[in-house]
Trainee: 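Before I ask anything, let me first share the structure, which is written out below as structure tokens.
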Number of protein chains: 2
Amino acid sequence: MNYDWLFSFVAFADRLNFTRAAEELHITQPALHAQIRKLSEDVGATLYRREGRSLVLSPEGRRLAAFGREVQARGSDVLAELRGEDTRGPVILASGQGAFLYLLGPAIKRFPKERWPLRALSMSGPDTIEAVRDARADVGVAVLANTPSDLDCRTMRRVGQTVLLPRGHRLSKRRSLKPGDLDTESIVVAPEGSPHRVMLSQALATAGAKWSVAVEATGWELVIQFARYGLGVAVVNDFCPVPRGLVGVRLEGVPDVEYHVVTRPGAERESRDTLVRMILESAA
Amino acid sequence: MNYDWLFSFVAFADRLNFTRAAEELHITQPALHAQIRKLSEDVGATLYRREGRSLVLSPEGRRLAAFGREVQARGSDVLAELRGEDTRGPVILASGQGAFLYLLGPAIKRFPKERWPLRALSMSGPDTIEAVRDARADVGVAVLANTPSDLDCRTMRRVGQTVLLPRGHRLSKRRSLKPGDLDTESIVVAPEGSPHRVMLSQALATAGAKWSVAVEATGWELVIQFARYGLGVAVVNDFCPVPRGLVGVRLEGVPDVEYHVVTRPGAERESRDTLVRMILESAA
DNA sequence: TCTTGGCTATCACTGGACGTTATAGTTGAG
DNA sequence: CTCAACTATAACGTCCAGTGATAGCCAAGA
């Protein structure tokens, strides 16, 4: 296997666009195309296919790109070591916005970034898993419904749900709430299809509660902001700080969600493992 | 970094001889020499130096060669996977003769060799550690005096010492012996400088026992054979089966030796980890 | 001491692999 | 149907990796 071609393929896999990837590599598009065709012949597998006007990687292509990224990461570590530099290759941490804002702060602060530059990628939960699987990220933090068997998952923290209410709201004096208590409420929710929205609407339906969508918002911060504006009540993870002017009441009777730290087996590196350790410690 | 040059360097590092390595690679010696010079300039480190008429790797060279071997191993695994072959790259197990003969048999039998071809390297204890460190072996089994901090070591099994005596020997009816009991004996021993010899002569000296060398022999099998010939008594690890015609009596008052399984951190692979697991299970 | 064998290191030269430019093919939007 | 954006293929040129020849180095043995 020709590793120049492999690394070119990684650049292609990152963008799925020959023209752009070729620019990135400072070669022309036909040159890149030839490399990838030869790589494909070499490994004896088709690496991508057309889908309409865009290109998508085949499973083999994804696997190969992941391998290439891994080699690059290790290679830059080794190179830095050999050259006596004290900063190694970067560690890439992927996670949702919520975890970055409220869960990962302490670990990120403690992490020795002068030794291992930290690169943070904010994305959705499912994308986080994919990013780790494809070696686009070294560490992922996400809520897992079903734990993928090909990745290492360690539970980081369980979080419950909190209902954010205006100060004078009829429910604001309660010690805790059940889904049924939100009957007739207008609620600020995450977009249709997101895990949090699914969980919430299911719990409310089970309890027989009638409710309406106040606003759809993406990201905890926005949800909280809209609740502050008084557009409706909000149901958020209990790690979110309750903002001034609102009251937080625990919501019982909904399943706790579990944040997990996800890594690729076989991609052990000192930098990565240190980050994982710090994340788990900070959650304890 | 140019990975063609890196792999050429691995071939060179395996033999420390440009001419032979070049033959192996099917290129000429000047071509190989040029590759390695350029690689050295690229990484900014001298990779080897002359020592008399032979060449030795620098620490940087060793590190780089280890990295190259690791990439090759992972690469062949990935390639086999992509091509849908069901046998992956080989796993390399390094160990002393004794462990191979008496300790590793069950694990080696159980190991799925059709899936991961097993390559066994027989060498001395210290060489075993070096082989693992340089990624010339994936797994090493050896007696460790001081555990190296840069490798993962897991204790596999403690073994005591047994004295092998002819059937009619004055000590052959005893339940156990102490080093002092071997006073005046003629003993079949391992060569001067070997760990076992050092341990034994130290124990005997501490006990004030006078003894003489019957024969020096390399390897447990030979030691036992000479004891069967009646050339002297032998002190062997208690995992050695007592041969017909001899009696085995436990030797107390000498330190147990500990066999360890040694691996390289960061070189995790399914094949390797399976082998390690089987070795540890078979020792339990 | 000198010779010899085995190897490394360096040079000038050459062929082919890889990159370039040019262009045809493909796809979907307007 | 045309256009824009991109992929795929072809012909051509260039630079670099490999070759053969040879000088340099070292140690063993005559």
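All values reported here derive from a predicted model rather than from experimental measurement. Every chain is numbered from 1, with letters handed out A, B, ... down the list of sequences.
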Trainee: If you check every side-chain atom of B:Thr28, which of D:dT7, C:dT10, D:dG20 has the closest atom?
Mentor: D:dG20

Trainee: Nearest whole Å is fine: how far is D:dA5 P from A:Arg15 CZ?
Mentor: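 For the pair A:Arg15 CZ and D:dA5 P, the rounded distance is 18 Å.
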
Trainee: A:Ile36 has an atom CD1; how far is it from atom P of C:dG19, in whole Å?
Mentor: 12 Å

Trainee: So if I take every side-chain heavy atom of A:Ala31 and compare against D:dC26, C:dT20, D:dT7, which nucleotide ends up nearest?
Mentor: C:dT20

Trainee: For the pair A:Glu51 and A:Arg49, find out whether any cationic side-chain nitrogen is under 4.0 Å from an anionic carboxylate oxygen.
Mentor: yes

Trainee: Is the centre of the B:Phe9 ring less than 6.0 Å from the centre of the B:Tyr3 ring?
Mentor: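 Not close enough - the centres of the two rings lie 6.0 Å or further apart.
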
Trainee: Mapping B:Ile27 and B:Arg50 to their closest nucleotides on DNA chain D, which lands nearer the 5' end?
Mentor: B:Ile27

Trainee: Please check: side-chain N/O of A:Ser40 versus main-chain N/O of A:Ile36, any donor-acceptor pairing under 3.5 Å?
Mentor: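 Pair absent, no side-chain N/O of A:Ser40 close to backbone of A:Ile36.
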
Trainee: A:Asn2 side chain: which of D:dA4, D:dT9, C:dC18 is closest?
Mentor: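 Selected nucleotide: C:dC18.
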
Trainee: Select base, sugar-phosphate, or nothing to describe what B:Asn17 touches, counting heavy atoms under 4.0 Å on all strands.
Mentor: sugar-phosphate

Trainee: Are B:Arg269 and B:Asp77 within salt-bridge range, i.e. N to O under 4.0 Å?
Mentor: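 A salt bridge is present here (some side-chain N lies under 4.0 Å from a carboxylate O).
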
Trainee: Closest to the A:Tyr48 side chain: C:dA9, D:dT7, D:dA8?
Mentor: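 Among C:dA9, D:dT7, D:dA8, the one nearest the side chain of A:Tyr48 is D:dA8.
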
Trainee: Please state whether the phosphate of C:dC18, meaning OP1 or OP2, lies under 4.0 angstrom from any side-chain nitrogen or oxygen of A:Lys38.
Mentor: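 Yes, within the criterion.
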
Trainee: Just by distance, no angles: are the side chains of B:Ser8 and B:Gln35 close enough, under 3.5 Å, to form a donor-acceptor pair?
Mentor: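 Yes, because at least one side-chain N or O of B:Ser8 sits under 3.5 Å from a partner of the opposite role on B:Gln35.
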
Trainee: Report the distance from atom CG of B:Leu25 to atom P of D:dG18, rounded to the nearest whole Å.
Mentor: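 One finds 10 Å between P of D:dG18 and CG of B:Leu25, rounded.
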
Trainee: Nearest to the side chain of A:His33 - D:dT9, D:dA17, D:dA28?
Mentor: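 The listed nucleotide nearest to A:His33's side chain is D:dT9.
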
Trainee: Mind checking B:Gln35 for me? I need base, sugar-phosphate or nothing, with any heavy atom below 4.0 Å counting as a touch.
Mentor: sugar-phosphate

Trainee: A:Pro30 has a side chain; which of C:dT21, D:dG20, D:dA4 sits nearest to it?
Mentor: C:dT21

Trainee: Return whichever of A:Arg53 or A:Phe18 has its heavy-atom-nearest nucleotide of DNA chain D closer to the 5' end.
Mentor: A:Arg53

Trainee: With a cut-off of less than 4.0 Å, is there a side-chain N or O of A:Thr19 near OP1 or OP2 of D:dT7?
Mentor: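 For D:dT7, OP1/OP2 do have a side-chain N/O of A:Thr19 under 4.0 Å.
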
